[in-house]
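Along the sequence shown, residues carry numbers from 1. Note: hydrogens, waters and symmetry copies are ignored here, and every other heavy atom, side chains too, is used.
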Amino acid sequence: MNGRLNTSSRPPNNKRHSYAPSFVSARSIRSRRSTRSSLTDVGLADAERGRSEAPVNPVAEREHEEIAEIKRYEDFTTIDWVQDAEREQQRRRARRQEKAGSFEREGGIGWRGQLWEAYESGHAWIVVALTAIAIGLNAAFLSIITEWLSDIKLGHCTTGFYLNKSFCCWGAEEGCDEWRSWTSLSILNYVFYICFATGFAYTAAKLVKSFAPYAAGSGISEIKCIIAGFQMKGFLGGWTLFLKSIGLPLAIASGLSVGKEGPSVHYAVCTGNVISRMFEKYNRNAAKTREILSACAAAGVAVAFGSPIGGVLFSLEEMSNYFPLKTMWRSYFCAMVATAVLGAMNPFRTGQLVMFNVKYDRDWHFFEIIFYIILGVFGGLYGGFMIKWNLRAQAFRKKYLTKYAILEATLLATLTAIICFPNMFLRIDMTESMEILFLECEGGQDYDGLCDRSNRWSLILSLLLATVIRMFLVIISYGCKVPAGIFVPSMAIGATFGRTVGILVQALHETFPHSRFFASCAPDVPCITPGTYAFLGAGAALSGIMHITVSVVVIMFELTGALTYILPTMIVVGVTKAVSDRLSHGGIADRMIWFNGFPFLDNKDEHGFGVPVSQVMTTHLATLPATDITLHEVEALLSESAVQGFPIVESRSSKTLIGYIGHTELRYAIDRAKREDSSLTEVTVCTFTSANSFNDPDSPATSDPTSSITTDFSRFINPTPLTVHPRLPLETVMELFKKVGPRVILVEYHGKLTGLVTVKDCLKFQFAHQAADAGHGHGQTEEDVWVRAWEERIWGWLKRGAEVVVGIVEKVSGGRVVLGHGPGTVSAGGPVRAGGPRVENRYEDLDELGRAEDQEAQPSTNGLHSESAEERLNVELHDR
């Protein structure tokens, strides 16, 4: 029964042709001919008859475009990459025929035609260039604003209020009289610091909550799903881009333990989406839009770290599940142009693309490999620990704090300011702290006694406290409803720990300078450079939290330009990868995809389920008979069913598979038929296969002339859907979803429909399988019972504390600032303006896609229950 891949379900590129497996069942000759009039089968029919190219039907082409336009506005659905490739082939055929007809009429192509052809061939490069320029300009603007807002918490410039501290003190060798603190009293400066931080966080959270909920968070998890084909309308829109660009500097300047490097990917991809939508070519083709989005993701990382090659590798390693050579070249070009524009803008006036850029001119020693391994182990442990507890914090947030997003972000900023101000490494911006920690001690570079040997042990204590406090703050802050990333916070944590290790190694060398262990050190040259340990610790933490390797090595190399430190970076990242893989499955972005329940199959995963697809497929299907069904029955099925498509069978009893029709196509076909034929009634018979099915395929498709109440929908169906045998291994079906990209795969046996499988079905089985492997079954572990009890206690404390804060704020402001709606009520709501209700509903819809914990939930491998993973996939994700 094993056959070949259906010809009309060919993949959208040549590489996917190599995956045409011998195990995919073929459509029978009879069912192929029975739907010869289908829109999607025109090219196949002519190819079988030996014709080079079939004439394009203008009516059919228009119907295709109208259906595609309708699908553009479908939300929380999955793109069928097979159908998208077929539609693009039809558009190309139409353009070739139009060009050929023009050539025959005019006898040649004039200079206007040649100019238009040149424009068409370079269309993508023009879009990429415009997008890259916009990304570079936006990155420079955000860097300048963020630095100014971060400095304004500590003081102001007397020569120009708009100048940040570095510009205000430009050229000053010792001291800076132009930059002054807000007051001469430390306690009042402390109060100013807290007030500014709280105000920035409140403003960012209010803007996000009221106008652009999708601007919250990092966005990397969602972008991975969007590039893979999951549609989230508005997530990459212009309004999200605008609010992300405004809210991000405010969130960073508030002092929250979040970074801007993750969100830079989001606003870069938003920029690419907005600009590409201005061109009709990208409005109609999801595959070409995917190329632009992948290139923009690379540019986002490039401008965030000043690392164009690292950005390309990050897009390849982390963001894209499909990355052909053409996409790589466009990513390279986009990252290069964006970085060049950022460099031309020179936002820091130092020639550096990022604040923590540093140069090392010393070599390392082989005995330091032992300490590099320690840094690698720390990176792996850090990643596993942070992922586990941040997911628990996210679960707590979804369960208790969803309605209090503004209040939560405001109180977090206040708490962070209170805790961080006394510590010199937590008080300043994280990028500035990394710049300080990365530096060598020689050359007169020092910061509050960082290189003072007499201050060494108090400095170690301060660095360790900064590491622990920052870890706690990142756990509770990452995921709050402000633009927030985790790249830089993780790097800052790794830098403080790495500097601690570097200082300890330096002290060890100074205590035993003549030990054989340090025999390779030159006598008159500093042997240990603590700044390099901070640099390597930052790379280890970044690798541990994201589970990426090659891109981290290249990013860290491009940050320093130190060719000699490539091997130490590779050692550290390799150890981190080995440790983190033992502790957690996937990085924070992958776990957030799992947590939110998005239908995403990671191509990095390897499975060994050992079961056929028949154990996973859905068997209770809503099908449509090819001829014996009335218009009333079809409309009733459409209104009662929430699925995204219906298999077409020969009859209600035989179940012989004829084809497949999507929900959108069927709705469009009915509406169009009613508009064109007013005589249609509820008893009109709908046919999904033409009357001449088994006759001459060259004859036109018409309805039965003896019946005056029959309408033919056969041209709207897909006659060759992707089908597999019931005994095909599930792992192979998952590879088909990853590499070919269909929305649905039908299961047939001897030509008869037996079931249907979607990405959602595969993920449900995968979650259940992981929970079974962990041995959790349906009982709760002691750890989960303990965590749930503490969740209830923490929520009680937070609620009582928030009510006190609400009362104080309302009393001090005279009722002008309202954080609640009545006594005893904690609410972060308030009036929503400028279309807020519509946005607010989308905000709640996104939360509904997340994991909704309840008291009866069962745990899975990481303490989060597997049954909720199945439940969250059932919301808005009907892919059949």
For the pair [X] (side chain) and [Y] (backbone), establish whether a donor and an acceptor sit closer than 3.5 Å, ignoring hydrogens and angles.
X	Y	value
Thr576	Gly376	yes
Glu558	Gly306	no
Trp364	Thr564	yes
Ser254	Ala251	yes
Thr496	Ala492	yes
Lys738	Asp602	yes
Asn390	Met386	no
Ser462	Ser458	no
Ser543	Thr549	no
Gln506	Thr529	no

Once you round to the nearest 0.5 Å, how far does [atom1] of [X] lie from [atom2] of [Y]?
X	Y	atom1	atom2	result
Met592	Gln394	CE	CD	4.0 Å
Arg470	Ile475	CZ	CD1	13.0 Å
Ile545	Arg591	CD1	CZ	12.0 Å
Tyr372	Leu375	OH	CG	8.5 Å
Thr569	Leu536	OG1	CG	5.0 Å
Tyr382	Leu542	OH	CG	9.0 Å

Any side-chain heavy atom of [X] within less than 4.5 Å of one from [Y]?
X	Y	answer
Gln766	Leu601	yes
Val505	Tyr533	yes
Phe497	Ile493	no
Leu316	Met328	no
Phe366	Ser520	no
Leu508	Phe518	yes
Asn596	Lys398	yes
Glu368	Ile528	yes

Under 2.5 Å between SG of Cys527 and Cys521: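 Yes, Cys527 links to Cys521 through a disulfide.
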Heavy atoms of other groups near Phe371 CZ, more than 12 under 6.0 Å: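 Enclosed.
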More than 12 heavy atoms of other groups within 6.0 Å of Met336 CE: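 Atom CE in Met336 is crowded, with more than 12 foreign heavy atoms closer than 6.0 Å.
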Tell me the closest heavy-atom pair linking [X] and [Y], and the distance in Å.
X	Y	result
Val554	Gly310	CG1-N, 3.6 Å
Ala484	Pro263	C-CG, 3.6 Å
Ser221	Ala589	OG-O, 3.0 Å
Ala538	Met556	CB-CE, 4.3 Å
Pro530	Ile503	CB-N, 4.1 Å
Val550	Glu317	N-OE1, 3.5 Å

Candidate pair Ile588 and Tyr478, rule side-chain contact (heavy atoms from CB on, under 4.5 Å), full reasoning: CA-CA 11 Å; Ile588 186 68; Tyr478 181 69; 3.9 Å; yes
Pair Ser257-Ser477, side-chain donor/acceptor within less than 3.5 Å: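 Per modelled atom types, Ser257 and Ser477 side chains form no pair under 3.5 Å.
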Side-chain H-bond candidate by donor/acceptor type, Ser294 with Thr327, under 3.5 Å: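 Short answer, no.
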Given Thr339, Leu342, Leu313, the one that forms side-chain contact (heavy atoms from CB on, under 4.5 Å) with Pro308: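 Going through the options one by one, the only one that passes is Thr339.
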Phe517/Phe512 aromatic ring centres below 6.0 Å: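 Not under 6.0 Å, so no.
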side-chain contact (heavy atoms from CB on, under 4.5 Å) between Ser551 and Val301, intermediate numbers included: CA-CA 10 Å; Ser551 53; Val301 175; over 6 Å; no
Qualifying residue, where the test is side chain to side chain donor-acceptor pair (under 3.5 Å) with Asp590 and the options are His547, His585, Lys224: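 Single pass found, and it is Lys224.
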Phe230 and Ile593: CA distance, side-chain angles, deciding distance, side-chain contact (heavy atoms from CB on, under 4.5 Å) verdict: CA-CA 12 Å; Phe230 183 56; Ile593 290 174; over 6 Å; no
side-chain contact (heavy atoms from CB on, under 4.5 Å) evaluation trace for Met546 with Phe487: CA-CA 8 Å; Met546 294 299 298; Phe487 284 15; 3.3 Å; yes
